[in-house]
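Counting starts at 1 for both ligands and their atoms, in listed order. Any value given below was found using the heavy atoms of this structure, including those in side chains, with hydrogens, waters and symmetry copies removed.
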Amino acid sequence: GKNEDKKKSWSLSDFDLGRPLGKGKFGNVYLAREKESHYVVALKVLFKSQILDSEIEHQVRREVEIQCRLRHPNILRMYGYFHDEKRIYLILEYAKHGSMYKLLKERERFDEKTVAIYIRDLTKALVYCHAKKVIHRDIKPENLLIGHNWELKIADFGWSVHSPSSRRMTLCGTLDYLSPEMIEGKPHNYAVDIWSLGVLCYELLVGLPPFDAKDSHQTYRKIRYVIIKYPDFISEKAKDLMGKLLVINPEQRLPLINVLQHPWITENAPEGAQPPAFNPEQK
Ligand SMILES: Cc1nn(C)cc1-c1nc2c(-c3cnn(Cc4ccccc4)c3)c(Cl)cnc2[nH]1
């Protein structure tokens, strides 16, 4: 609630710790419950030593200051943070159904109506971020979580920055979602999130990212020349939208606000349509 997460400074003794939810390079995320209210959260524990060694302190600071300020149903909340001599603790919203990455692996791919709903909600969250001068820069299934109403939530703002930015990228993790301008280390802006929205739409519909290749050099080439093959089960309208997002020139990409008016979205994800519930037994 409003007042308790405002008044006090938190400490580890305020929480009962549960099972680990995920392991990251700089620390793990645990299920946790605030003792007084029994409110369930995800506690992201980062080791100061690792952060200082990797000189990403400014990145963590930015993740905190950005995510604490963002309030949107499709953005994972950060309620607060605290630290002790060895660790930093981020108090995050708990997303009951885990990561989009896991759900996609389990279901192989989603139908067009489901993907259109996820893309509609993600677009609304990105419009909100961009209005606050925040670009996420790392939209991919691993960084999307699923809430208790099966709604999509953008998480892990570790890579977000204030636009415009030309920060050198240490290319850790997949190349699949990088835009041509980021790969070439050119200055980039909000339009990188529009590109990755197109990559995500393809991956949720097909089950593989559009520039998937046997090695990173091939992926690099496919991205730079936007070499994409659409399977024949993809509708013309879906192809039309992706074709307007996956454009080399950032200025020519479809603005996010127009994504919400694209016929593939308005016909498959009308206002009020909610994401489907994927029960584990439903295979
Ligand atoms: C996993 C999982 N399975 N189920 C059923 C729910 C979840 C769940 N996970 C989360 C998680 C969560 C977990 N890992 N990660 C990735 C990670 C881990 C360590 C450092 C950086 C990033 C996020 C969160 Cl933040 C917030 N809510 C979560 N919910």
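In this structure, a donor-acceptor pair under 3.5 Å is present between the side chains of Q218 and R221.
Ring geometry, F278 versus W150: the interplanar angle exceeds 60°, so the pair is classed perpendicular (tilted spans 30 to 60°). Using a 30° and 60° split on the angle between ring planes, F15 and W10 fall in the tilted class, from 30° to 60°.
Ion pairing between a basic and an acidic side chain is recognised when a charged N comes within 4.0 Å of a carboxylate O; K153 and E151 show such pairing. Using a 4.0 Å cut-off between charged nitrogen and carboxylate oxygen, R69 and E65 do not count as a salt-bridge pair. In summary, R120 and E267 do not engage in a salt bridge, as defined by a charged side-chain N under 4.0 Å from a carboxylate O. A salt bridge is absent between D240 and K237; no separation between the charged side-chain nitrogens and carboxylate oxygens falls under 4.0 Å. Salt bridge absent: K140 and E142 never bring a charged side-chain N and a carboxylate O closer than 4.0 Å. For R224 and E181, the salt-bridge test fails: no basic side-chain N is under 4.0 Å from an acidic carboxylate O.
Checking only distances, A95 does come within under 3.5 Å of ligand 1, N or O to N or O.
Residue E93 approaches ligand 1 through these ligand atoms, each under 4.0 Å from one of its heavy atoms: 26 (C), 27 (N). For ligand 1, the atoms lying closer than 4.0 Å to a non-hydrogen atom of K96 are 4 (N), 5 (C), 6 (C). Shown in contact with K44 at under 4.0 Å from a heavy atom are these atoms of ligand 1, numbered in order with element: 20 (C), 21 (C). Short contacts between ligand 1 and K23, defined as distances under 4.0 Å to a heavy atom of the residue, involve ligand atoms 18 (C), 19 (C). Ligand 1 places these atoms under 4.0 Å from at least one heavy atom of A42: 24 (C), 26 (C), 27 (N).
When only non-hydrogen protein atoms are considered, atom 15 (N) of ligand 1 lies nearest to V29 CG2, 4.0 Å. Of all protein heavy atoms, the one closest to atom 9 (N) of ligand 1 is L21 CB, 3.7 Å. In this structure, the protein non-hydrogen atom closest to atom 24 (C) of ligand 1 is L145 CD1, 3.6 Å. For atom 19 (C) of ligand 1, the nearest protein heavy atom (residue, atom name, distance) is G24 N, 3.2 Å.
Residue contacts with ligand 1 include G27, since one or more of its heavy atoms lies under 4.0 Å from the ligand. Heavy-atom distances between R19 and ligand 1 reach below 4.0 Å in at least one pair. Heavy atoms of E142 stay at 4.0 angstrom or farther from ligand 1.
Within the 4.0 Å heavy-atom criterion, the part of L92 lying near ligand 1 is the side chain and not the backbone.
Of the listed residues (P20, G98, G22), the one carrying the non-hydrogen atom nearest atom 14 (N) of ligand 1 is G22.
Under the 4.5 Å side-chain criterion, counting only non-hydrogen atoms from C-beta, I91 is not in contact with M78.
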